Amino acid sequence: MKPDSLKLVDMLSLDDEITGCRPLSRAWGDEEIFLDRWGQYDQVFNARPKGSLSSQELFQPESAGTFLLLRSEHVGKIIDALRQHVDELQVTTTEQLETLEKWKSLSLATHRHLVAYIFNHAVPEDPPAPVVKTKDKQPWTITVKTRNLQFILLLLLGLLVIPLGLLVFLNALLKGQPAPMSIGLALLLIFGVVLWLFRRAYVRSVKYFSDEGLVRNDGHKFSWIELSRVVDKIKINRVTQVKSVWRTEIEFKNGQSAWLLPLKIVNYAEVYDLVRKLPCEHTEVKY
């Protein structure tokens, strides 16, 4: 697992990207400095640094505690801690320490730049994690409540098609009639395809949202820090020209996605209100 790291942040670009619901890209500097353990959060700070800014305060409730924006005096403490063990450093180089000194001076000279402390491993519990928990910022979850109607219809279809298909196939097999055998196999194959599509939609659908990310029905977890974009797959009625969303795909940087199927969701208004506020690109694709 990667150690925690530091990056220089342009606050003007960061503000533009957050307010414009775009992925964080221009705001982050190209250079990332990984830290030896002596310069990591739980070694340097015994409480959240005063004046620091948590990612939860930028994105709440869509994100929580994945990075912390530090001021020059906070960066200075990290530099001092690393310099005390300069002969033992294995991750941070002396050249990078000089870069940190420049970042410290830059953040002191102008409020436009801060230094992001990125938690690449679990946020420490002791000392306290860099998240201020108030009445308005408690951990939260939203469960996607689904209707059972589709499952019931699938079950009824199976109870009808499977016996019928087997009966037709076996009867034709005993009589040596290829044509009815094909019909029986076709019935079973069609039900198999329907069952596969149903299962595919189920495992890829969102089970619940939380302040850290979301979890699909197959147990796969996604973090908000890896969020890429939200895509609404839409249909347009040819007669009324009314546009409707038949599937929403929440995409992540690893190329995977999680689905929301409006017709299957009981609390769709609550769920979609959260999704439309996600700080990323939102787009529509006609199906």
Side-chain angles (χ1 to χ4, degrees), residues 20-24 59-64 66 139-162 164-165 186-287:
C21 292
R22 298 191 301 272
L24 304 185
F59 302 126
Q60 203 279 336
E62 287 83 8
S63 179
T66 51
W140 54 271
T141 59
I142 295 178
T143 301
V144 179
K145 302 174 184 177
T146 56
R147 296 182 175 89
N148 294 323
L149 178 61
Q150 287 83 0
F151 176 76
I152 294 172
L153 291 176
L154 181 68
L155 181 61
L156 293 175
L157 180 64
L159 291 174
L160 174 65
V161 171
I162 293 176
L164 179 61
L187 288 172
L188 295 174
L189 180 61
I190 290 172
F191 180 74
V193 172
V194 172
L195 183 62
W196 178 80
L197 291 172
F198 181 88
R199 183 183 181 281
R200 177 172 176 262
Y202 174 77
V203 298
R204 294 193 179 188
S205 295
V206 179
K207 183 176 183 179
Y208 67 84
F209 296 93
S210 73
D211 52 350
E212 297 179 350
L214 64 84
V215 176
R216 291 194 316 201
N217 283 320
D218 61 357
H220 197 109
K221 298 180 180 180
F222 297 88
S223 172
W224 292 132
I225 198 66
E226 296 295 326
L227 181 64
S228 175
R229 65 173 185 164
V230 173
V231 180
D232 283 331
K233 300 292 183 71
I234 64 170
K235 287 184 177 180
I236 300 178
N237 189 293
R238 294 181 180 180
V239 178
T240 64
Q241 294 300 304
V242 174
K243 180 173 67 176
S244 61
V245 178
W246 72 275
R247 186 172 81 201
T248 296
E249 297 183 5
I250 306 170
E251 298 181 354
F252 294 83
K253 295 176 183 177
N254 59 6
Q256 298 193 54
S257 63
W259 295 0
L260 293 171
L261 303 174
L263 294 179
K264 292 185 177 182
I265 300 175
V266 176
N267 59 333
Y268 181 72
E270 176 188 22
V271 169
Y272 195 72
D273 183 61
L274 165 66
V275 172
R276 68 183 180 84
K277 294 178 182 177
L278 292 176
C280 64
E281 176 189 357
H282 291 249
T283 187
E284 291 182 349
V285 175
K286 184 178 178 181
Y287 179 74

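The residues of the chain are indexed from 1 along the displayed sequence. For clarity, every value in this text was computed on a predicted model and none was experimentally measured.
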(message) Please report the interatomic distance NZ(K235) to CZ(R247), rounded to the nearest 0.5 Å.
(response) 10.5 Å
(message) Looking at every heavy atom in both C280 and S228, which two are closest together, and how far apart are they?
(response) CB-O, 3.5 Å
(request) Evaluate the side-chain proximity of L157 to F198: yes if any heavy-atom separation is below 4.5 Å, no if none is. (result) no
(message) Atom NZ of residue position K264 - does it have more than 12 heavy atoms of other residues, nucleotides or ligands inside 6.0 Å?
(response) yes
(message) If the condition is ring pair (Phe, Tyr, Trp, His ring centres under 6.0 Å), which residues does Y202 pass it with, not counting sequence neighbours?
(response) none
(request) Heavy atoms only: give me the nearest L260-I250 pair and the separation to one decimal. (result) CD1-CD1, 4.3 Å
(request) Answer yes or no: is there a side-chain heavy-atom contact under 4.5 Å between L278 and W224? (result) yes
(message) F191 vs L164, test: side-chain contact (heavy atoms from CB on, under 4.5 Å). Steps then yes/no.
(response) CA-CA 11 Å; F191 180 74; L164 179 61; over 6 Å; no
(message) For R147, I'd like to know if atom CZ has over 12 heavy atoms of other residues, nucleotides or ligands within 6.0 Å.
(response) yes
(message) Using 0.5 Å steps for rounding, measure from the CG atom of D211 to the CD1 atom of I142.
(response) 10.5 Å
(request) Have a look at V275 and tell me which of V206, V230, D232 forms a side chain to side chain contact (heavy atoms under 4.5 Å, CB included) with it. (result) V230
(message) Would you compute the distance between atom CG of L214 and atom CG of L274 and round it to the nearest 0.5 angstrom?
(response) 9.0 Å
(request) Of all the heavy-atom pairs spanning P262 and V245, show the shortest one and how long it is. (result) CG-O, 3.3 Å
(request) Determine, stepwise, if the pair W259 / K233 fulfils side-chain contact (heavy atoms from CB on, under 4.5 Å). (result) CA-CA 10 Å; W259 295 0; K233 300 292 183 71; over 6 Å; no
(request) May I ask you to decide if T143's main-chain N or O and N267's side chain share a donor-acceptor pair within less than 3.5 Å? (result) yes
(request) Measure the spacing between NE2 of H220 and CZ of R204 and express it to the nearest 0.5 Å. (result) 11.5 Å
(request) State, yes or no, whether a side-chain contact exists between W246 and I234 at a heavy-atom distance under 4.5 Å. (result) no
(message) Strictly distance-based, threshold 3.5 Å: is any side-chain N or O of R216 a donor or acceptor partner for the main-chain N or O of S257?
(response) yes
(request) Calculate, to the nearest 0.5 Å, the distance between atoms CG and CG belonging to L195 and L155 respectively. (result) 11.0 Å
(request) Nearest 0.5 Å please: distance from the OG1 atom of T141 over to the CD atom of E212. (result) 11.0 Å
(request) Before accepting this row, confirm whether a basic side-chain N of the pair K253/E226 lies closer than 4.0 Å to the acidic partner's carboxylate O. (result) no
